[in-house]
Amino acid sequence: MHTIVTVVGARPQFIKAAAISRAIARHHADRLREVIVHTGQHYDPDMSRVFFEELGLPREHHQLEVGSGSHAQQTAAMLTGIEQVLLHERPALLLLYGDTNSTVAGALAASKLGIPIAHVEGGVRSRHKAYPEEVNRLITDHLSTLIFCPTLDGMRHLEREGLPARDIGPFTADRPGVFHTGDIMYDNSLFFAEQAERTSDILQRADVEAGRFALATIHRPHNVDDPEVLGDLLDAFIDVAETHDLQLVLPLHPRTKARIDQDLPPARRERITGHPRLRLLPPASFLDMVQLERHAALILTDSGGVQKEGYYFERPVVILLDKTPWVELTASGSAIETGADPAKIRAAATELLGRKDLHYPRIFGDGKAAETICERLIELLEQPPAH
Ligand code: UD1
């Protein structure tokens, strides 16, 4: 039996980890013992606990309760906490997901202890180091012994950085295994779509009709921390809704809600939040989010996960970033990058809603990425020691 430690902390990681935990429980429970560490980066119940319950993710074994803070404070507290867990558990491998501060803290702690790292969602690049996520991705990939890439573009990014495809071991941090596996988020979306249709009543709760609303999410600091930018974005959403006769559903990340409540000038805040086209909601659970994505006419988002889920469910997406890390989406023509520019947002919405020929090539795998990843983990854990 091999012990692997999984580090999660932020909302998208609970969703990603659920896919691998499900594959371990179904096929590899006799070989892999998974110990889950929750850094506490996201702590509100509707940003954390609801995902464990809804997605069947086993409860964490270690809760670090790090909470919010500056990047340095948050990452430093995680680094110390994860090191203690690793010294206690002595795992054969550390499993990391994506690009958050929890991910990079795990990578630094494990690499200094000589514990091999497997990075799920490796190779993703926005090529924009001003985004903290880009820094987290670069560091984590370059410290990993196994890198699992969701797309061929990811493989190309890694090759450019001196990490070419490599699927024959022995694997070491200096000569890592680099694999194209497909996307575990696609696994999850396929797995939960039918359940969402059956069980979610979010359309009724939001008081919208299928196909008659746009779905928006914003939480990136560069989009929500400046009240001018935030107010202009919300006005642009309202404008898109009015122009195209849609309602606008906006589940609010706690950061975004706090900025609206505390920073928007009162008159502007009241005009926006009281607008009849807007449906402001608390953070949505994963099943509710899937249901909203499947039935939206258009999605506007700065979230990496939501833009991809829009693509899986064949919805046009306005990406509220200057540089998306998911270049595959814009290359397909079904998604357009606008940053926070209201004119570009309006133009992109009009273009996408007017197009009848959008297509969504299947580039995120076959829905079985988690199984492929588990097989590779076992291969690493059972390889003869490298010299
Ligand atoms: C983090 C990730 C981002 C990911 C996002 C998903 C990093 C650098 N960023 O961003 O890549 O897309 O999670 O949500 O790791 N807050 C609460 N309650 C919570 C969680 C957060 O109130 O449960 C508030 C706090 O005021 C906190 C702020 O949200 O300061 C931001 O949280 P943080 O974890 O720092 O980053 P996110 O913006 O969520």
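The first residue in the sequence is number 1, and the count goes up from there. Read the numbers this way: they start at 1 and go in the same order the structure lists the ligands and their atoms. Being a predicted model, the structure only gives us computed values, none of them experimental.
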Ligand-residue contact atoms, ligand 1 with [X], heavy atoms, under 4.0 Å:
X      : answer
Glu133 : 2 (C), 3 (C), 7 (C), 8 (C), 9 (N), 11 (O)
Ala10  : 13 (O)
Arg220 : 3 (C), 11 (O), 12 (O)
Ser68  : 25 (C), 27 (C), 30 (O)
Asp99  : 11 (O)
His71  : 8 (C)

Output field: ring centroids [X]/[Y] closer than 6.0 Å:
X      : Y      : answer
Tyr131 : His222 : yes
His253 : His42  : yes
Phe286 : Phe14  : no
Phe52  : His38  : yes
Tyr186 : Phe191 : no

Considering heavy atoms of the protein only, find what lies nearest to [atom] and give residue, atom and distance to 0.1 Å.
atom                    : value
atom 18 (N) of ligand 1 : Asp44 OD2, 3.1 Å
atom 16 (N) of ligand 1 : Tyr43 OH, 3.7 Å
atom 12 (O) of ligand 1 : His219 NE2, 3.0 Å
atom 35 (O) of ligand 1 : Gln74 NE2, 3.7 Å
atom 22 (O) of ligand 1 : Pro254 CB, 3.2 Å
atom 33 (P) of ligand 1 : Gln41 NE2, 3.8 Å

Practice problem: Give the intermediate values and the outcome of side chain to side chain donor-acceptor pair (under 3.5 Å) for residues Glu309 and Ser189. | Solution: CA-CA 7 Å; Glu309 286 157 12; Ser189 295; 4.6 Å; no

Practice problem: Return the set of residues passing salt bridge (Lys or Arg N to Asp or Glu O under 4.0 Å) with Arg11 (not counting sequence neighbours), or none when no residue passes. | Solution: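 Once residues adjacent in sequence are excluded, Arg11 has no partner under the salt bridge (Lys or Arg N to Asp or Glu O under 4.0 Å) criterion.
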
Please indicate whether any nitrogen or oxygen in [X] is less than 3.5 Å from any nitrogen or oxygen in ligand 1.
X      : value
Asn101 : yes
Thr100 : no
Arg255 : yes

Quiz item: What part of His42, side chain from CB on, backbone N/CA/C/O, both or neither, has a heavy atom under 4.0 Å from ligand 1?
Solution: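 The part of His42 near ligand 1 is both the backbone and the side chain.
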
Quiz item: Is it the side chain, the backbone, both or neither of Met47 that has a heavy atom closer than 4.0 Å to ligand 1?
Solution: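 Looking at Met47 and ligand 1, just side chain atoms fall under 4.0 Å.
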
Exercise. Please step through side chain to side chain contact (heavy atoms under 4.5 Å, CB included) for the pair Leu215 and Leu300, ending with a clear verdict.
Key: CA-CA 6 Å; Leu215 170 66; Leu300 306 106; over 6 Å; no

Quiz item: When you look at Asp44 and Ser48, which way does the side chain to side chain contact (heavy atoms under 4.5 Å, CB included) test go after all the steps?
Solution: CA-CA 6 Å; Asp44 286 353; Ser48 172; over 6 Å; no

Quiz item: Do any heavy atoms of Pro12 fall under 4.0 Å from ligand 1?
Solution: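 It does, in that a heavy atom of Pro12 comes within the 4.0 Å cut-off of ligand 1.
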
Quiz item: Hey, mind stepping through Arg125 and Glu161 against salt bridge (Lys or Arg N to Asp or Glu O under 4.0 Å) and telling me if it holds?
Solution: CA-CA 11 Å; Arg125 296 288 182 271; Glu161 293 171 19; 2.7 Å; yes

Quiz item: Any chance CZ of Arg362 has more than 12 other-residue heavy atoms, nucleotides or ligands included, within less than 6.0 Å?
Solution: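 Check passes, neighbour count above 12.
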
